Each structure stands twice: as structure tokens, then as C-alpha cells.
Amino acid sequence: MGVRTTLALAAGKTARAASRLRGGGSALPGLVTERIDPAVLRHTLGSLPRGVVVVSGTNGKTTTTKMLVALLRAHGLRVFTNPTGSNFTRGVISSMLGEVGLRGALAADVAVVELDEAHALHFSAQVRPTHSLLLNVARDQLDRFAEIDHTAQLLTTLAEQTTDGVVLNVDDSFISRIRGRVGDGVRVSWFGVDPSIADRLPELQEQDVRAEDTSEVVLDREERSAAALLLPADDGRAFTVRLPGDPGADVGPVTLRQRGLAAMINATAATAMARHVLGDDFRAGVAGAALARVAPPFGRGEVIDVGGVPLELVLVKNPAGFTVALGTYGSEPVATMVAINDNYADGRDVSWLYDVSFESLRERGVALTSGVRGWDMALRLRYDGVEVGDVETDLDAALDRFLSDHEGEPRRIFCTYTAMMHLRRRLADRFGLARFGEDPDA
Amino acid sequence: MTRPEGSSGVAVALPDDVAALAEVPADKGEVHVVHLYPREMSIYGDLGNTRCLAARLRWHGYRPVVHDHHPGAPWPERVDILLGGGGQDSGQVRVTEDLERHADRLRELAADGLPMLMICGMYQLFGEAFITVEGQRLPGLGILDVTTRGNATRMIGPVVLDTDFGSVVGYENHSGSTVLGEGQRPFGRVRHGKGNNGSDALEGARVGNVVASYLHGPILPANPTLADGLLEIAARRATGEWAPGEIDDTVATRAHQAQVRRLLGS
Ligand SMILES: [Zn+2]
């Protein structure tokens with residue numbers, strides 16, 4: 001640990017204190033620190049006894065990271081993690097500043113960080129991850145990453161740079177084929193769905209961009225016996241993570257607080273990684289109890305109590321995610337609004353809406369579409385035969401109308417990122433929710 | 001999009017859901033829409049163009065028949081309008097062989113006036129050549145007199161054009177930089193965005209009834225005049241006349257106008 005790191009951390013802590021007073025943004029203190037000591041992450045995270053776990057992939061990073069942290073903490077580990085939504089290098093540094101001493105000692109056994117695909121490499125250039133959990137590759141914000149092949153390549157490089165172990169999704173060919181690219185001696189573990197529910201995979205993936213001739217990875221017996229496989233119960237709410245090699249050790253049945261198949265897969269991925277990191281210390285009972293307690297990250301199926309009736313805010317950001325959300329919620333039709341913005345954080349290109357099928361909304365229709373691209377959303381719905389009550393591009397006006405037109409009924413809003421932030425701020429003012437960026441149980 | 005498959009890999013009808021939206025009988029004849037390589041070349045919602053044409057045909061009182069053409073499959077027995085989209089590099093590699101096999105046929109159909117809409121990657125493949133960043137020259141079909149160079153920087157963002165079909169809105173996302181040969185007409189003039197190469201304010205290319213463009217969006221739903229312009233040619237070829245029905249395009253027009261107003265400020 002050098003003087004430079006100490007100076008960097010001191011400057012960062014000062015900036016952090018200052019920006020807290022102003023109630024300001026979270027990345028600036030990280031920027032200050034990184035400017036003074038570009039290797040600050042290596043100096044602080046590089047020496048944690050149980051290593052550094054990176055969670056990456058297009059969908060489910062935040063939920064999976066939260067679950068993995070909960071699993072490791074439940075097993076008694078001290079875990080450093082980056083809070084919801086700050087998944088850039090500077091965000092990681094900023095969140096570290098509150099927990100690190102000036103000598104760079106972090107009171108943690110292990111770090112679990114959520115990183116998006118591009119930033120994962122920036123991070124791994126500084127700190128080589130001991131473990132990587134790679135979830136999936138889907139089309140997301142292509143104006144940033146340009147092509148899905150490119151995204152898959154970024155994750156492959158991340159796996160190549162990982163020193164101890166990678167956990168891969170056997171059902172996503174972009175991820176499973178990374179198996180052949182990890183370094184010598186790096187252990188590969190797997191998660192996926194139980195073969196008995198393989199027919200539900202299309203709900204979670206965009207098949208159209210996966211070539212027919214992609215050679216599928218088939219696990220050998222030993223690999224399959226070490227894989228963590230999701231088996232939902234018939235009621236659709238509970239599930240078991242099957243660990244075929246060790247039948248007594250299955251996790252579950254568990255009922256998550258967050259609904260839907262995607263969350264169950266995230267829990268399966270987190271369980272696979274927890275088992276990988278903990279080895280013989282892993283306890284199925286502890287794991288099941290920990291998963292059942294995890295609260296949904298805000299804005300991802302968050303339920304807000306509005307005058308005694310639930311209002312659900314569902315974040316949608318790419319075709320696979322929107323399809324999953326519709327599959328999860330579509331079977332229970334309620335009054336629905338869809339708000340689509342096209343700011344940078346939403347993805348500026350809205351053509352992805354044409355890669356989602358909205359047929360499940362047809363029965364009940366959509367009361368309102370809103371956001372900067374509210375008219376485009378209404379147009380998209382027209383081509384799926386979904387009746388749209390009205391279009392109000394102004395989010396505040398739309399929310400007011402949606403709340404008053406459907407008073408006393410359960411309601412649901414599907415929204416892109418900046419539309420969600422906007423709506424949530426307004427809802428927070430009116431109904432006293434947790435403040436922005438504050439995770440209710442962090 | 002689900003399209004019921006017939007015995008020969010041919011989709012026989014529109015999905016019931018969209019057909020059910022039409023309040024008019026489909027008694028003006030069949031129009032066959034062929035989508036080239038829907039798996040490999042339909043990124044960024046390009047399948048929406050096919051869906052838009054099929055729905056509009058039905059709303060106009062025609063019976064749309066949609067064929068998906070996959071690499072290696074026999075050529076559809078009938079085609080009244082042809083669509084193609086953009087793809088990943090890996091997707092383009094997978095379709096080149098099939099495209100070569102049908103090259104003469106495609107050139108003949110283009111010369112014969114078949115309406116075609118080729119977006120992004122398929123636009124490039126319809127040109128004279130693609131020159132990679134490394135300088136390798138890959139010949140195209142030569143239907144359009146355009147040459148594309150691989151480029152390190154991508155041209156990305158919303159676009160507004162002036163075209164023969166009126167103003168057109170969409171979204172471009174391409175790293176290829178395309179230059180028109182002498183005498184080659186563009187599809188449109190750029191009023192907002194980068195266009196073919198970011199410097200000559202031209203976008204896409206047009207030869208006869210072949211319309212090629214970088215615009216995704218997909219391009220047709222929010223540009224109903226363009227969609228109907230292509231359908232008119234297709235319906236005349238298929239049935240001898242164009243008898244459009246009355247379609248309520250309020251939503252499409254508002255979506256279109258919202259983008260024009262935002263991007264041009266007028
Ligand atoms: Zn493109």
C-alpha cells in the first residue's frame with residue numbers, strides 16, 4: 001500500500017463528505033480517487049482473503065448480485081459490494097470510500113461487484129477477478145455496445161482474465177461456449193434450468209439472434225452432477241435449486257419475494273456461485289432461508305402501496321427483459337400503463353419494442369402510453385392488436401390520470417429506466433417512499 | 001412474431017390476432033411478402049417491417065402471404081415484395097452463400113421492377129462491394145451502385161430524411177460508410193442524422209423499385225406513406241390494380257410528427 005493510495009483515498013473521502021452534504025451524485029468521489037491513484041482498486045480489493053467476484057451479463061445483474069451477497073453473508077462472510085445501479089468502476093470506488101481505512105484496508109472477506117459488460121473489462125484490467133458469474137447475453141442498449149457478438153466477446157475476455165473460477169449459464173449459447181476459453185486450472189461451474197422445464201427458455205431469451213447451427217454445449221456427467229438446476233414448483237411461486245450430484249443438498253423449496261421465472265434463474269445463478277466460493281462451507285438450509293428474505297431491488301417489480309391498492313413499477317430495458325416481464329405479469333391482467341423514454345440510459349433506439357410480443361396485454365388492453373416515445377409505443381401495440389386507451393407523452397400528467405382513472409384498482413406500469421426514475425420520484429413525493437438510490441433494506 | 005408454417009416452410013397467413021383487427025373482408029387478392037433471412041438479418045426490429053406490411057395489406061382488404069426465406073431453402077414460388085434487414089457480422093457471413101446462389105434471380109427481379117426494401121446489412125450486400133477495415137474487397141450483388149467501407153466509428157442516432165415518399169423518420173446504427181456511384185440516386189436527403197457516410201447528406205439508395213436504407217426503427221410503421229408506396233407497387237404486380245382501403249393512421253402520424261418536431265424543431 002503506497003502513499004499515493006493513501007492520498008487518493010483521503011481526497012476521495014473528502015469529496016465524498018462534500019458531495020453528501022450537497023446530496024449530490026455518487027460517482028464524483030470515485031473519479032477524484034481514481035485520478036490520483038489509478039490502481040486504487042487493485043490496492044484495496046486485490047488482497048481480500050476470499051477474492052473478488054464479478055457478476056456480469058445483460059439481464060439480472062442487480063438481482064443476482066443482491067442474492068449472492070445475501071447468500072455469502074448468511075454464511076458468515078463479510079462482503080463488500082457496490083450498491084444498486086452504481087455498476088461502473090467509479091461507482092465501485094465511491095461506495096468503497098465509506099468502508100475503507102486510509103491505509104486501504106477494507107473490512108471484508110470477499111467483494112461481490114456488479115459490472116456491465118464494457119465496464120467489467122475496465123475493472124478487470126485493474127483487479128483480476130478471482131471469480132466471474134456470467135448470466136446471459138441479450139440485446140441491450142446497442143447504441144452503446146453496438147453488437148451482441150461484441151458483448152459476448154467482452155464477457156469472454158472477462159472470463160479469460162478470471163483467475164480461480166467461472167460460473168456459466170448452460171442454457172445461453174453465448175455464455176456456455178466460453179467454457180473453452182478459460183485459463184488452465186480455472187474451475188468451471190454451471191447453472192441452468194432443469195431439463196424438464198427447458199420449454200420455458202424462450203421466455204428468457206431472444207432466439208432470433210441465436211444461429212441455428214450454434215454448437216450447443218453439452219455437459220458431461222460430472223459437470224451436470226455439479227450444476228445448479230432450477231426446478232419450479234407447480235404453483236409457479238416456489239422452486240428448488242437441484243444439485244444433482246448431491247440430492248440431499250438441494251436448496252428449497254424456496255419462495256422468493258420477487259416474482260417470476262427470471263428471478264428464480266437469478267437465484268439459481270447466485271446459488272451456483274455461492275457454492276463455488278464457499279465449497280464445503282455451503283449449507284443448503286442457510287441458503288434457502290437467505291434467498292427467501294431478499295427484497296426485490298427497487299423498480300424491478302417493486303410494489304408501492306397507493307391508498308391501500310398495489311401499484312407495481314416494472315423496469316423494462318430490452319426485448320428479453322420485457323418479454324420476461326410480460327410472461328410474469330401478463331397472466332394477471334390489471335390496469336396497465338407503458339412509459340417509454342429514449343434517453344441515453346434507456347437506450348436511444350426504440351426499435352427493440354418490435355422484438356417483443358405484446359399479445360398477453362390484449363385481453364385487458366393498455367390504459368395509457370407515455371414518455372417521449374409514447375406514440376411509438378401505442379403504434380407498436382396497434383400491430384399486436386392491443387387496444388390503447390390514450391397517449392399522454394408527459395409523464396406527470398399521465399401518472400396523475402392513470403392514478404385517478406383507476407382509483408381503487410391494482411395497477412401496473414412498465415417503464416424504461418429514466419421514465420421509472422421520474423415516476424418514482426413523483427410517487428415518492430406523494431406517497432413517501434424510500435429516497436432514490438436508497439435500497440429499502442441495504 | 002409467430003407465423004404459422006405451411007408444409008413447405010411457407011407462412012400461410014397473417015397471425016389471427018392481426019387479421020382479426022381488420023374490419024374489411026380480404027377480397028382484393030393475395031400479395032406475397034418474402035422476408036430474406038429473418039434469423040440472421042433482422043436485428044433492431046426489422047421483422048417489424050414485415051409485420052407492418054402484412055397488417056396493412058390486410059387492413060387494405062388484401063390477403064397477405066408471408067414467406068420466410070432461410071439460407072439453403074428453395075426460393076419461394078411467388079414473390080410480390082421482398083424485404084431484408086440488418087445483421088451482425090456473423091449473420092452476414094451465414095447468408096452470403098445463399099445470396100450468391102440467388103444473385104442472378106435477384107438482379108432480374110430488381111430489373112423487372114419488383115419492390116424491395118433492403119435495410120442496413122442487406123443494403124450493403126446489394127451494393128457493388130464492401131471494403132473491410134483491412135482493405136479486403138468483398139463483392140456485393142451489384143444491384144445498387146454503392147460501395148461501403150468498414151469504419152472504426154459507428155454512425156448512430158435518430159434520423160429524419162426527405163424522400164420521394166415524403167419525410168421519413170428512423171434510427172441509424174452502422175459502422176459501414178457508403179458512397180454512391182455517379183448517377184446513383186439516394187433514397188433520401190438527410191435533414192437530421194448522418195446518413196450514408198456523414199459527409200454528403202445523402203441516405204440510402206434507390207434503383208427502380210428497390211429502396212435501400214440504413215434506417216431501422218423499424219422504418220415502415222412510423223412512415224405509412226412509404227409502406228403504402230411499396231404496397232401499391234406490390235399489389236399492382238400481384239392483382240393488376242391498387243385499391244387501398246381506409247386505414248386510421250392517426251397513431252402512426254403522431255409518432256412520425258413527434259420525431260420530426262423533436263429533431264428538426266419545427
Ligand atoms: Zn444497422
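Everything numeric in this text was worked out from a predicted model, so none of it was measured. Below, chains carry the letters A, B, ... as their sequence lines are ordered, and counting in each starts from 1.
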Within 45° of the ring axis of A/Trp375 and under 6.0 Å from its six-membered ring centre, is that where the NZ or CZ of B/Arg262 lies?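 Verdict for A/Trp375: no cation-pi partner in B/Arg262.
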What part of A/Val388 lies closer than 4.5 angstrom to a heavy atom of chain B: side chain, backbone, both or neither?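 Contact with chain B: none, neither part.
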Within the supplied structure, the quantity of interest is the number of heavy atoms (other residues, nucleotides, ligands) at a distance under 6.0 Å from B/Arg149 CZ; does it exceed 12?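 No, CZ of B/Arg149 has 12 or fewer neighbouring heavy atoms, counting only those of other groups under 6.0 Å.
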Backbone N/O of B/Val251 and side chain of A/Arg382: donor-acceptor pair under 3.5 Å: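 No: the side chain of A/Arg382 does not pair with the backbone of B/Val251.
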Provide the closest heavy-atom pair for A/Tyr354 versus B/Pro218 in the form atom of the first, atom of the second, distance.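 So the two residues come closest at CD1-CD, 3.1 Å.
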Closest approach of A/Asp349 to B/Tyr44 (non-hydrogen atoms, all atoms of both residues):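 Closest pair (atom of A/Asp349, atom of B/Tyr44, distance): OD2-CD2, 3.7 Å.
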Tell me which of these, B/Pro158, B/Cys52, B/Ser175, has more heavy-atom pairs under 4.5 Å with chain A than the rest.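 Most heavy-atom pairs within the cutoff with chain A belong to B/Cys52.
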Look up atom [atom1] in [X] and atom [atom2] in [Y], then write down how far apart they are to the nearest 0.5 Å.
X        : Y        : atom1 : atom2 : result
A/Arg348 : B/Asn173 : CZ    : CG    : 11.0 Å
A/Asp376 : B/Tyr171 : CG    : OH    : 13.0 Å
A/Leu379 : B/Arg254 : CG    : CZ    : 13.0 Å

